[in-house]
Amino acid sequence: MTINFTTIQWVGGINGHVEMIDQTLLPNEARMIAVRDEQAMWQAIKTLQVRGAPAIGVAAAYGVVLGLQTIPDQAPTEEALAQLDRVREYLATSRPTAVNLFWALNRMAGTARDTHASDAGQLKSRLLTEANTIRDEDAAMCRAIGRYGWQLIPENAGVLTHCNAGGLATAEYGTALALMYTAKEQGRSFHVFADETRPLLQGARLTAWELAQAGIDVTLICDNMAGLLMRQGKIHLVVTGADRIAANGDAANKIGTYSVAVLAHAHNIPFYIAAPTSTFDLATPSGDQIPIEERHPDEITKPFGASIAPAGIGVFNPAFDVTPHHRITAIITEKGIIQNPDEIRIRDFFKTNN
Ligand code: MRU
């Protein structure tokens, strides 16, 4: 199935720039914006013009390339490497939860170290190739996740998803939504319920838009309606993405995911996570150690500009929560499915699939 929008891409040669769809404007406007330096990339990540764990990873990789453009091609490699360290540290401060950001920055740094470039120009061009590879691999991983997972959607199923784990959240095609795109390709009939996903409405603005574009039947619901639909027997499985999966399988995802997982358990409905292996953080033992981003109170008190709460009211605005592994039926990756994920199964999976 072809997706008719471009989430993020590099345009031109080594002195080129990044183009991305500005996700803060969707669904009212599908505008492509140009990002030309690392400050603009930091801002784009922070303000969610680009968002979703894998897409943030791609954005960070391109951000490194942008950050090196001010170094002349003839400059010594060491000068470019020192600049790379500064840019890497800077971009790492944009958002803390999605591990793909750090994964991509580390991969770029590793490539830079291994390149033994003769000058800055050679290093920069090697890094652009690497960033493009990260983007292309991400697109391929999403397709593979779809191939592994689509049969988990039974004929005539009702599928609930939360936030946006679609093409907008990745280089292309998505993770949770990849199951749906592939199932549709395979001729399967099903119906998607999209949680609107308070406070920033990624479900309403992005998932509903994306699925409708692809001709997939989708009904938008408020987050607090999921329990009713489950009780009415309209939901047969839940599938979401993840921002970081700890070594024991605990998974951080958009705030509200944990509540959906608990509801699914209470109604005996499978709860799946679809994520590439770049979303696993095996150095973090459990979900308790995953850093959870807290965002500005205005996102809750003044959503999209309109004031809906008393001025000065206290607000708690965590952007993510953690679903414990014992509430996850399976994790679908680009290398296969991990059933009943726990520390041992995840360790074995990575041993076998390295
Ligand atoms: O704050 P966001 O919009 O970046 O949060 C995104 C999510 O929580 C997604 O579900 C997650 O990144 C998986 S994307 C394939």
Side-chain angles (χ1 to χ4, degrees), residues 3 7-8 20-24 26 44-60 94-104 135 138-139 141-146 149 160-181 194-211 223 238-245 251-261 271-281 287 290-296 299-300 317-323 328 331-334:
I3 304 292
T7 305
I8 181 164
M20 58 171 74
I21 192 165
D22 184 343
Q23 300 195 32
T24 62
L26 286 169
I45 295 171
K46 183 76 184 171
T47 61
L48 315 192
Q49 287 177 305
V50 59
R51 35 69 48 207
I56 292 173
V58 175
S94 55
R95 294 189 77 191
T97 304
V99 78
N100 308 59
L101 173 83
F102 308 96
W103 170 88
R135 191 222 157 271
D138 187 62
M141 285 193 286
C142 290
R143 298 270 169 178
I145 288 172
L160 178 70
T161 190
H162 190 75
C163 194
N164 172 268
L168 288 166
T170 59
E172 215 178 275
Y173 218 58
T175 59
L177 297 203
L179 273 59
M180 302 171 200
Y181 291 135
D195 273 350
E196 65 174 349
T197 316
R198 276 280 284 155
L200 293 179
L201 308 186
Q202 286 92 334
R205 296 187 302 105
L206 308 178
T207 298
W209 179 80
E210 198 183 315
L211 289 177
D223 299 343
V238 180
V239 56
T240 74
D243 285 82
R244 190 186 294 231
I245 302 173
N253 192 48
K254 179 54 55 196
I255 189 73
T257 304
Y258 171 57
S259 314
V260 176
F271 176 88
Y272 299 112
I273 287 203
T277 48
S278 55
T279 299
F280 284 75
D281 176 8
I290 296 177
I292 300 293
E293 176 184 13
E294 280 189 40
R295 294 186 61 89
H296 200 281
E299 291 180 353
I300 291 184
N317 185 17
F320 301 96
D321 58 27
V322 172
T323 299
I328 301 170
I331 303 176
I332 302 115
T333 79
E334 80 282 11

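Note that ligands are numbered from 1 as they come in the structure, with each ligand's atoms numbered from 1 the same way. Computed from heavy atoms alone, side chains included, the values below leave out hydrogens, waters and symmetry copies.
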Checklist entry - Is there at least one pair of N or O atoms, one from Ala53 and one from ligand 1, spaced under 3.5 Å apart? => result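 Yes: some nitrogen or oxygen of Ala53 is under 3.5 Å from one in ligand 1.
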
Item to check | Nitrogen or oxygen atoms of Ala169 and ligand 1 under 3.5 Å apart | outcome: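 Min N/O separation from ligand 1 is not below 3.5 Å for Ala169.
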
Distance from [atom] to nearest protein heavy atom, with residue and atom:
| atom | answer |
| --- | --- |
| atom 4 (O) of ligand 1 | Arg95 NH1, 2.8 Å |
| atom 5 (O) of ligand 1 | Lys254 CE, 3.3 Å |
| atom 15 (C) of ligand 1 | Thr175 OG1, 3.2 Å |
| atom 8 (O) of ligand 1 | Asp243 OD1, 2.8 Å |
| atom 10 (O) of ligand 1 | Asn253 OD1, 2.6 Å |
| atom 6 (C) of ligand 1 | Arg51 NH2, 3.5 Å |

Heavy-atom gap [X] to ligand 1 smaller than 4.0 Å:
| X | result |
| --- | --- |
| Thr240 | no |
| Gly174 | no |
| Ala242 | yes |

Distance-only donor-acceptor check, side chains [X] and [Y], under 3.5 Å:
| X | Y | value |
| --- | --- | --- |
| Thr197 | Asp195 | no |
| Thr7 | Glu172 | no |
| Asp243 | Thr97 | no |
| Arg51 | Asn164 | yes |
| Asn317 | Glu294 | no |

One residue to check: [X]. Relative to ligand 1, which of side chain, backbone, both or neither has a non-hydrogen atom less than 4.0 Å away?
| X | answer |
| --- | --- |
| Ala274 | neither |
| Gln202 | side chain |
| Asn164 | backbone |
| His162 | neither |

Next on the checklist: With a 4.0 Å cut-off on N to O distance, would you call Asp223 and Arg198 a salt bridge?
Outcome noted: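 So Asp223 does not pair with Arg198 through a salt bridge.
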
Next on the checklist: Strictly below 4.0 Å, N to O, side chains only: are Arg295 and Glu293 in salt-bridge contact?
Outcome noted: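 Looking at Glu293 together with Arg295, the answer is yes, because their closest N to O distance falls below 4.0 Å.
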
Checklist entry - Atom CD1 of Ile245 and atom OG1 of Thr279: how far apart are they, to the nearest 0.5 Å? => result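 Here the interatomic distance stands at 6.0 Å.
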
Next on the checklist: With rounding to the nearest 0.5 angstrom, report the CD1 to CD distance, Ile145 to Glu334.
Outcome noted: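 Ile145 atom CD1 to Glu334 atom CD measures 5.5 Å (nearest 0.5 Å).
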
Item to check | CZ/Phe271: more than 12 non-hydrogen atoms of other groups inside 6.0 Å | outcome: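 Atom CZ in Phe271 is crowded, with more than 12 foreign heavy atoms closer than 6.0 Å.
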
Checklist entry - For ligand 1, which atoms sit closer than 4.0 Å to a heavy atom of Pro54? => result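 It comes down to these atoms of ligand 1: 14 (S), 15 (C).
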
